[in-house]
Amino acid sequence: MKILVFVKRVPATTARIRVADGLRMDPEGVEFVLNPYDEFAVEEALRRKEAAGGDATVTAITLGPPEAQKELRTVLAMGADEAILLTHSDAAFLDAEATAQVLAEQAEQRGPWDLVFFGKQAVDRDQHGVGPSVATRLGMPCLSEIVELEIADGKATARREVEGASETLEAPLPCAFTCQKGLNEPRYASLKGIMAAKRKPLETVQVDLPPAKVEVVELAPPPPRPPGRIVGEGAAAVPELVRALREEAKVL
Amino acid sequence: MSTILALLETRDGKLRPASQEVLGAARTLADARSGRVVALVTESAGDADASLGGFGADEVLVASGERHSPDGAAATAARVARETSAEVVLLAATVRGRDLQGRIAALLDTGFASDCTAVDPESLVWTRPVYGGRAVAKVRVVGPVAVASLRGNHFPVVRREAEAEVKEIAPEPGQAHVVTVEAKQSARPDVAEAARVIAGGRGMGGPENWHLLERIADAVPGMALGASRAVVDAGWRPHSEQVGQTGKTVSPELYVAAGISGAIQHLAGMNSSKVIVAINRDPEAPIFQHATYGIVGDVNEVLPALAEELEKQDLQ
Ligand SMILES: Cc1cc2nc3c(=O)[nH]c(=O)nc-3n(C[C@H](O)[C@H](O)[C@H](O)COP(=O)(O)OP(=O)(O)OC[C@H]3O[C@@H](n4cnc5c(N)ncnc54)[C@H](O)[C@@H]3O)c2cc1C
Ligand SMILES: Nc1ncnc2c1ncn2[C@@H]1O[C@H](COP(=O)(O)O)[C@@H](O)[C@H]1O
């Protein structure tokens, strides 16, 4: 069984985001981490491999700058067998569809895959798109934002939380998934895993970027919120709050 | 003539709230571009079909398969977009909508803009928060069709006297299917959809105090309950109520944060709310920097007083 997991290097959620030239994030001094949702994807891939036993393998793939080696080593330390780093000279300008195009081409060449895992969202551009798009390009069904997964008899059954409801989905294998918090508890890399990761194969491939499908015309800090005010202290402030909500803000 | 294709979600024969906004936004774009709004429903919308004209549709296409299929719905949308030479494909940035946008873009060989909070009708430049709201991007789709999903509570709903022509079309088959949809039993709206939210954090002290928030939610029409991650991780509240980076992104008119410190990952999920109220006993809590109105105080005192005051106003 061949399992593929897509991971991305992203700024830590606590990192201050500065804009460099009105168009891109300035990476200077920013701490980068493995995308939190991709941890769920990696964990699920590893569990499926362990359940399958035998010669099942987990391959991790990323498109990113050379520094993304660090995140791939983390994934290898967690237990993946091999990693592929697709690099190019201009990570900052990549949009979801161009990313999906490159990733799908590479996945296709190296396939076929039995199971494919993505995070539901990369917490940089917050696009929620690469997983379903890559799956579409590979001609695979994709169950997205899943919080439960069962695989049996050539079929995947998964659950996801939608607005005000819970949905159960089914698809035949091979199948792709995008992973939401709640699916599992990602493991930490053990010391042994970290040592082993150093000897695992990490292939680096230089790729050409397709033309961008989304052009960024401006990147800016969020507009400042209109200054707020403390209406008072304790229960005594409540009547003034309600008055302000009704008469000033008009939200009640 | 320019076609704006609005891909809509229905449940139990009713148009979902976020899709009402999608139709409203489609109407705005169509009016600015002398175009028309074609609405596409990929599930039997029942009674909803006929009413879509009133929400802004000129024409309604019903491609109802028996069960929702993500890949099937995307293929149907892509086919209709080609057939109608759509200039824009709009959908809601809901779980289902987010699932479809990348697929439709892939099938149409174009780009997409996800979770948009605004659009310029002339230039079709889309505004979208990125990095969990720590920056805002303006983007233009370069491909032949602009696919975009819209964040809830940012686009006006249109109500007008109009009938739309309803046509049945064939749905495309898909490999994946939704086999069951279990609606939550709660009478309250989902936090991701609600126009008003009251959320509790660790400062609430424990799950036994949630009745304080529930009483307020009962007094305010359409108010949903939300929670911080600390509270969800502690098992006080279900993950479906979590607001933030690893929870839901909400953008209500009113967001009340009670006993929530305002960590950056929490802000990521709610900082595009129109009015933010913070109730916290620590005057230095970061949430106050983002609040429109703040009360420094103990939730155990402030919330009962707030409930009483709201009940007096008789808002229901
Ligand atoms: C990758 C990542 C993702 C994350 N995702 C999310 C997310 O999606 N959502 C999220 O919320 N967090 C998220 N977090 C966690 C976040 O960093 C905070 O830990 C969390 O938001 C804190 O929750 P809290 O405000 O309820 O608790 P605390 O930070 O403990 O704050 C409690 C607040 O209550 C106040 N208080 C205490 N008692 C009272 C009282 N009696 N009356 C009034 N006020 C009182 C205190 O002054 C304090 O400000 C994430 C973290 C990481 C690293
Ligand atoms: N550059 C990338 N390299 C590898 N995987 C990616 C990349 N960008 C996105 N992904 C995958 O797609 C998911 C969704 O990303 P996005 O659509 O950007 O929110 C991520 O959680 C990853 O699993």
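So that the names make sense, note that chain A is the first sequence line, chain B the second, and so on, each numbered from 1.
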Engineer: What residue, out of A:A235, A:A171, A:P132, has the most heavy-atom pairs lying under 4.5 Å from chain B?
Structural biologist: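 The option with the most such pairs is A:P132.
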
Engineer: Determine yes or no for a side-chain-to-main-chain donor-acceptor pair under 3.5 angstrom, with B:T127 supplying the side chain and B:T117 the backbone.
Structural biologist: no

Engineer: Side chain from CB out, backbone as N, CA, C, O: work out which of these in A:A100 comes under 4.5 Å of a heavy atom of chain B, or both, or neither.
Structural biologist: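 No part of A:A100 comes within 4.5 Å of chain B.
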
Engineer: Given heavy-atom pairs under 4.5 angstrom as the criterion, report whether the side chain, backbone, both or neither of A:V162 touches chain B.
Structural biologist: both

Engineer: Among the options A:V123, A:L219, A:T13, A:T14, pick out the one with the most heavy-atom pairs lying under 4.5 Å from chain B.
Structural biologist: A:T13

Engineer: Sort B:F288 into side chain, backbone, both or neither according to what part of it lies under 4.5 angstrom from a heavy atom of chain A.
Structural biologist: side chain

Engineer: Answer with side chain, backbone, both or neither: which region of B:R196 has an atom nearer than 4.5 Å to a non-hydrogen atom of chain A?
Structural biologist: side chain

Engineer: If we count only N and O atoms by modelled type, under 3.5 Å, do the side chains of B:T94 and B:R98 hold a donor and an acceptor together?
Structural biologist: no

Engineer: In terms of heavy-atom proximity below 4.5 Å to chain B, should A:C175 be classed as side chain, backbone, both, or neither?
Structural biologist: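 Contact with chain B: none, neither part.
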
Engineer: If we define contacts as heavy-atom pairs under 4.5 Å, which of B:E9, B:K312, B:K274 has the most with chain A?
Structural biologist: B:K274

Engineer: Could you check which of A:E248, A:K181, A:R16, A:E233 has the highest count of heavy-atom pairs closer than 4.5 Å to chain B?
Structural biologist: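 When all of A:E248, A:K181, A:R16, A:E233 are compared, A:K181 has the most.
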
Engineer: With under 30° as parallel and over 60° as perpendicular, where do the rings of A:F117 and A:F177 fit, or are they tilted in between?
Structural biologist: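 Rings of A:F117 and A:F177: parallel, under 30°.
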
Engineer: Which atoms of B:Q101 come close to chain A, meaning under 4.5 Å heavy atom to heavy atom: side chain ones, backbone ones, both, or neither?
Structural biologist: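 B:Q101 touches chain A through side-chain heavy atoms alone.
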
Engineer: A:Q121 pairs by side-chain hydrogen bond (donor to acceptor under 3.5 Å, both in side chains) with which of A:D38, A:T178, A:D126, A:N35?
Structural biologist: A:D126

Engineer: Given a strict heavy-atom distance threshold of 4.5 Å, which part of B:D99 is in contact with chain A: side chain, backbone, both, or neither?
Structural biologist: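 Answer is both: backbone and side chain atoms of B:D99 are under 4.5 Å from chain A.
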
Engineer: For chain A, find which of B:E308, B:H239, B:Q242 contributes the most heavy-atom pairs closer than 4.5 angstrom.
Structural biologist: B:H239

Engineer: Identify which of B:E253, B:R103, B:E301 forms the greatest number of heavy-atom pairs closer than 4.5 Å to chain A.
Structural biologist: B:R103

Engineer: What residue in A:S144, A:P222, A:P221 has the most heavy-atom pairs under 4.5 Å with chain B?
Structural biologist: A:P222

Engineer: Report yes if some heavy atom in the side chain of A:E105 is under 4.5 Å from a heavy atom in the side chain of A:R137; otherwise report no.
Structural biologist: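 Answer no - side chains too far apart.
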
Engineer: Please state whether the side chain, the backbone, both or neither of A:E163 comes within less than 4.5 Å of a heavy atom of chain B.
Structural biologist: both

Engineer: So, B:R151 and B:S272: side-chain donor and acceptor under 3.5 Å apart, yes or no?
Structural biologist: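 On atom types as modelled, these side chains qualify, holding a pair under 3.5 Å.
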
Engineer: When heavy-atom pairs shorter than 4.5 Å are enumerated against chain B, which of A:A220, A:G129, A:A122, A:A237 gives the highest number?
Structural biologist: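 Result: the option with the highest number of such pairs is A:A220.
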
Engineer: Could you look at A:L241 and say if it's the side chain, the backbone, both or neither that has a heavy atom under 4.5 Å from chain B?
Structural biologist: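 Side chain of A:L241 only, per the 4.5 Å heavy-atom cut-off to chain B.
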
Engineer: Please report the C-alpha distance between A:V134 and A:F118 in whole Å, then the side-chain angles of each, then the deciding distance to 0.1 Å, and finally whether the side-chain contact (heavy atoms from CB on, under 4.5 Å) criterion is met.
Structural biologist: CA-CA 10 Å; A:V134 169; A:F118 301 86; 3.7 Å; yes

Engineer: Take A:E97 and A:S133 through the test side chain to side chain donor-acceptor pair (under 3.5 Å) and record every step on the way to the result.
Structural biologist: CA-CA 7 Å; A:E97 281 308 309; A:S133 175; 3.0 Å; yes

Engineer: Which bit of B:V220 comes within less than 4.5 Å of chain A, counting heavy atoms only: side chain, backbone, both or neither?
Structural biologist: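 It is the side chain, since no backbone atom gets that close.
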
Engineer: Return yes if a side-chain donor-acceptor contact under 3.5 Å exists between B:D282 and B:N280, otherwise no.
Structural biologist: no

Engineer: Could you tell me which portion of A:A176 (side chain, backbone, both or neither) has an atom closer than 4.5 angstrom to a non-hydrogen atom of chain B?
Structural biologist: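 For A:A176, neither part sits under 4.5 Å from chain B.
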
Engineer: So what's closer than 4.5 Å to chain A heavy atoms on B:I295: side chain, backbone, both or neither?
Structural biologist: both

Engineer: What part of B:V125 lies closer than 4.5 angstrom to a heavy atom of chain A: side chain, backbone, both or neither?
Structural biologist: side chain

Engineer: Given side-chain contact (heavy atoms from CB on, under 4.5 Å), test A:K120 with A:F40 step by step and report yes or no.
Structural biologist: CA-CA 9 Å; A:K120 78 150 184 145; A:F40 303 121; over 6 Å; no

Engineer: Between A:A244, A:G131, A:G182, which has the largest tally of heavy atom pairs under 4.5 Å with chain B?
Structural biologist: A:A244

Engineer: B:P17, B:S273, B:G143: which one forms the most heavy-atom pairs within less than 4.5 Å of chain A?
Structural biologist: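 Of the candidates given, the most pairs with chain A belong to B:S273.
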
Engineer: So, does A:D21 use its side chain to make a donor-acceptor pair with the main chain of A:R24 at under 3.5 Å?
Structural biologist: yes

Engineer: Under 4.5 Å heavy-atom distance to chain A, tell me which part of B:D109 shows up: side chain, backbone, both or neither.
Structural biologist: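 Contact with chain A involves both backbone and side-chain atoms of B:D109.
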
Engineer: Check each atom of B:R128 against the heavy atoms of chain A and say whether the ones under 4.5 Å are side chain, backbone, both or neither.
Structural biologist: side chain

Engineer: Looking at B:E309 and A:R246, does any basic side-chain N land under 4.0 Å from a carboxylate oxygen?
Structural biologist: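 So B:E309 does not pair with A:R246 through a salt bridge.
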
Engineer: Where does A:R160 contact chain B at under 4.5 Å (heavy atoms): side chain, backbone, both or neither?
Structural biologist: side chain

Engineer: Based on non-hydrogen pairs under 4.5 Å, which of B:A268, B:A135, B:G132, B:G297 is most in contact with chain A?
Structural biologist: B:A135

Engineer: Against chain B, label A:A15 side chain, backbone, both or neither, depending on which of its atoms sit under 4.5 Å from a heavy atom there.
Structural biologist: both

Engineer: Please determine whether salt bridge (Lys or Arg N to Asp or Glu O under 4.0 Å) holds for the pair B:R96 and A:E167, giving the CA-CA distance in whole Å, both sets of side-chain angles, and the decisive distance to 0.1 Å.
Structural biologist: CA-CA 10 Å; B:R96 281 192 177 186; A:E167 291 185 342; 2.6 Å; yes

Engineer: Please lay out, stage by stage, how B:L267 and B:H290 fare under the test side-chain contact (heavy atoms from CB on, under 4.5 Å).
Structural biologist: CA-CA 9 Å; B:L267 294 169; B:H290 302 266; 3.4 Å; yes

Engineer: For A:S166, run the side-chain hydrogen bond (donor to acceptor under 3.5 Å, both in side chains) check against A:R159, A:E148, A:E161 and tell me which one passes.
Structural biologist: A:R159

Engineer: Before giving the answer on side-chain contact (heavy atoms from CB on, under 4.5 Å), spell out for B:I216 and B:L310 the whole-Å C-alpha distance, their side-chain angles and the decisive distance to 0.1 Å.
Structural biologist: CA-CA 7 Å; B:I216 291 170; B:L310 290 168; 3.7 Å; yes

Engineer: Among B:R16, B:R11, B:K248, exactly one meets salt bridge (Lys or Arg N to Asp or Glu O under 4.0 Å) together with B:D190. Which residue is that?
Structural biologist: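 Considering B:R16, B:R11, B:K248, a salt bridge (Lys or Arg N to Asp or Glu O under 4.0 Å) with B:D190 is found only for B:K248.
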
Engineer: Does any backbone or side-chain atom of B:T110 lie under 4.5 Å from a heavy atom of chain A? Answer side chain, backbone, both or neither.
Structural biologist: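 Interface part for B:T110: backbone (N, CA, C, O).
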
Engineer: What part of A:R18 gets closer than 4.5 Å to chain B, counting heavy atoms only: side chain, backbone, both or neither?
Structural biologist: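 Neither the backbone nor the side chain of A:R18 comes within 4.5 Å of chain B.
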
Engineer: Would you mind checking if A:R9 and A:E67 are paired as a salt bridge, meaning a charged N to carboxylate O distance below 4.0 Å?
Structural biologist: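 Looking at A:E67 and A:R9, the cut-off is not met.
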
Engineer: Would A:R229 and A:E240 count as a salt bridge (Lys or Arg N to Asp or Glu O under 4.0 Å) if you check the C-alpha gap in whole Å, the side-chain angles of each, and the deciding distance to 0.1 Å?
Structural biologist: CA-CA 12 Å; A:R229 67 182 168 101; A:E240 169 57 10; 3.1 Å; yes

Engineer: Considering only heavy atoms, which portion of A:T136 lies under 4.5 Å from any heavy atom of chain B: side chain, backbone, both, or neither?
Structural biologist: side chain

Engineer: Relative to chain B, which segment of A:R225 carries a heavy atom at a distance below 4.5 Å: side chain, backbone, both, or neither?
Structural biologist: side chain

Engineer: Let me know if B:Q265 has heavy atoms under 4.5 Å from chain A in its side chain, its backbone, both or neither.
Structural biologist: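 Just the side chain, heavy atoms under 4.5 Å.
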
Engineer: Among B:D115, B:V136, B:V130, B:V275, which residue has the highest count of heavy-atom pairs closer than 4.5 Å to chain A?
Structural biologist: B:V136

Engineer: Give, as side chain, backbone, both or neither, the part of B:D233 having an atom under 4.5 angstrom from any heavy atom of chain A.
Structural biologist: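 Looking at B:D233, just its side chain touches chain A.
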
